[in-house]
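Because the structure is predicted, anything quoted here is derived from the model rather than measured.
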Amino acid sequence: MLGPLTLTLALPFLPAANALVRKNDIGRLPALGWNSWNAFGCDINSTKVVTAANEAVNLGLKDLGYEYINIDDCWSIKNTRDKSTNRMIPDPSRFPDGISGVAKKVHDLGLKFGIYSSAGEVTCAGYPASLGYETVDAQSFAEWGVDYLKYDNCGVPSNWTDTYTYCVPDGNGNYPNGTCPDITNPAPEGYDWKTSNTHKRYTTMRDALLNVDRTIFYSLCGWGQADVNTWGNGTGNSWRISGDITAEWARIMQIANENSFLMNYVNFWGHPDPDMLEVGNGDLTIEENRAHFALWAVMKSPLIIGTAVYLTLDSINDDHLAILKNKYLLEFNQDPVIGSPAHPYKWGYNSDWTFDPVHPAEYWSGASSTLEGTLVLMLNSEDTTSTRTARWSEIPELKGHHAYRVIDAWTGKDLGCVKTKYNASLKSHDAAVLLVKGKC
């Protein structure tokens, strides 16, 4: 069986020629922005969206590259379309100025605007979706001023389901427990998932978006099904690799582990998506919030904020905001010269390189042109305080020398010339992030 280190050499990087390359570099780098779902679910309206847009400016998030303000599910009138045009109808009670009115207010702030639909007959919350209406919906989105489409996988009728079930294997070819709802009908060896109905549903909307007079970022939300990693970057700008995230450490770790085996699919114009950020939500500790954001950033995942960002009751606090604004992690994630992410260079707690929903890879490194050095992440996935050690001799980008200047990426503190290794005592579920640069 191929382990991840062998897999790293065996899988080619996906070239831009095979990717969905768009005008004005749209989709070249991971998307940064905000989405309404994790904070509000269906309790969404124009006031909340415009407030989020204003606060993205006021809190300095826009200046750091967070540009998309996205409405998720539940924005239209339920159970109906316009009888004369077949268009979805924005709910006038939630959006009295229509979707175009909200989009204009977002655009006036120098931001971009996103919306949601599904590749089925209804959305996950039971609202009209786009299967069979791709052309008219893409035209509506373009005319309304939409810049980003999140395209979900709910409401799929039986005649559009796939013949076979796909399950994502780990680096050793084993199927992780709990991630496969049904593996009783696996695809035959060599099956081409580009012939699947899932592929057809998502490429039909891609083609509709490409035929409108507006460049719309296309975010596939197919939950990792139909071997999307082999065709996602030719279809969309990012593609979900799993089911939904929740604001629970166990779920965040499970998704991080799944995504850790997909780093060779990450590069310019295409990004596996482990789902929106839960920073600021639920009962996550500050250490868990920090590790969650750091892992998503170094994997060069889309960074879509999923919490209320306005400074009122139940909104984001300063500690969580500081995590989302960390300049070292954002600059690494948005590197305009190096498209590849950080990679695990040592697994850590789980040493056999197999799927472990509790303990993902703990040691990561990646080169950065903007930071002019190497970013190193060390994770403590254990439930107690524990020490993690970065040894320069083990890190691919650093093993040619024995002493480097080190900066703590969380505090910005210059740790001086560090010889041979760096030890970090980490609280449970925390992550150390180091910028290592300059031989000394």
Side-chain angles (χ1 to χ4, degrees), residues 22-36 38-39 47-71 102-114 145-148 215-217 219 237-238 268 271 273 276-281 286 289-290 292-312 315-339 341 368-373 375 407-413 433 435:
R22 313 299 299 281
K23 294 188 297 185
N24 302 318
D25 279 350
I26 291 173
R28 184 173 186 267
L29 299 176
L32 303 183
W34 177 87
N35 178 285
S36 61
N38 288 355
T47 299
K48 289 180 177 178
V49 176
V50 175
T51 299
N54 276 287
E55 289 308 304
V57 175
N58 296 337
L59 297 173
L61 293 167
K62 175 193 169 188
D63 292 338
L64 294 171
Y66 290 97
E67 60 178 347
Y68 290 104
I69 304 297
N70 299 340
I71 299 174
V102 179
K104 183 180 185 304
K105 292 176 181 178
V106 172
H107 291 155
D108 287 346
L109 294 169
L111 295 163
K112 296 178 180 179
F113 174 75
V146 169
D147 303 295
Y148 181 115
T215 304
I216 298 175
F217 185 105
S219 171
N237 305 115
S238 63
F268 294 130
H271 297 91
D273 179 6
M276 298 172 289
L277 294 167
E278 292 285 11
V279 174
N281 293 338
I286 193 65
N289 277 284
R290 186 160 51 198
H292 168 32
F293 183 77
L295 283 167
W296 264 233
V298 304
M299 292 190 289
K300 293 198 175 176
S301 307
L303 299 178
I304 306 297
I305 298 169
T307 193
V309 293
Y310 46 91
L311 296 176
T312 58
S315 69
I316 194 165
N317 64 38
D318 288 343
D319 290 337
H320 295 148
L321 184 62
I323 293 171
L324 295 171
K325 294 175 71 174
N326 184 275
K327 66 177 184 178
Y328 297 100
L329 288 166
L330 288 173
E331 286 188 23
F332 182 87
N333 182 271
Q334 295 289 294
D335 194 317
V337 176
I338 300 174
S368 171
S369 72
T370 49
L371 298 173
E372 298 180 334
L375 206 66
I407 296 171
D408 184 331
W410 291 124
T411 65
K413 182 180 179 181
V433 182
L435 172 58

Atom pair [atom1] ([X]) and [atom2] ([Y]), whose distance is rounded to the nearest 0.5 Å:
X	Y	atom1	atom2	answer
Ile304	Ile69	CD1	CD1	9.0 Å
Asp273	Asn237	CG	CG	11.5 Å
Leu329	Leu64	CG	CG	12.0 Å
Lys300	Asp335	NZ	CG	4.5 Å
Asn38	Ile305	CG	CD1	11.5 Å
Met299	Asn333	CE	CG	10.5 Å

Heavy-atom donor-acceptor pair, Lys48 side chain to Ser36 backbone, under 3.5 Å: no
Any donor-acceptor N/O pair, Glu67 side chain to Leu32 backbone, under 3.5 Å: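 No; zero donor-acceptor contacts below 3.5 Å.
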Partner set under side-chain contact (heavy atoms from CB on, under 4.5 Å) for [X], not counting sequence neighbours:
X	answer
Lys104	Asp108
Leu371	Tyr328, Glu331, Phe332, Ser368, Leu375, Leu435
Ile286	Asp319, His320, Ile323

Qualifying residue, where the test is side chain to side chain contact (heavy atoms under 4.5 Å, CB included) with Val49 and the options are Val102, Asn54, Asn70: Val102
What is the minimum heavy-atom distance between [X] and [Y], and which atoms define it?
X	Y	result
Pro302	His271	CD-CB, 4.3 Å
Ala294	Trp410	CB-CZ2, 3.9 Å
Thr215	Ile26	CG2-CD1, 3.5 Å
Ala409	Asn326	O-ND2, 2.8 Å
His107	Lys112	CD2-CA, 4.2 Å

Applying ring pair (Phe, Tyr, Trp, His ring centres under 6.0 Å), can you list everything that pairs with [X], at least two apart in sequence or on another chain?
X	value
Tyr66	none
Tyr148	Tyr68, Phe217
Phe113	none

For Asp147, all residues meeting salt bridge (Lys or Arg N to Asp or Glu O under 4.0 Å), sequence neighbours excluded: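 Checked Asp147 against salt bridge (Lys or Arg N to Asp or Glu O under 4.0 Å); matches are Arg214.
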Who passes side chain to side chain donor-acceptor pair (under 3.5 Å) against [X], sequence neighbours left out?
X	result
Asn35	Asp72
Asn58	Glu55
Asn281	Glu278, Thr307
Thr47	none

Close side-chain approach of Leu324 and Leu59, heavy atoms under 4.5 Å: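 A side-chain contact is absent here, since even the closest heavy-atom pair is not under 4.5 Å.
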Pairwise side-chain contact, Pro336 with Thr370, heavy-atom cut-off 4.5 Å (strictly under): yes
Selection residues 24-33 - residue pairs positive for side-chain hydrogen bond (donor to acceptor under 3.5 Å, both in side chains), sequence neighbours left out: none
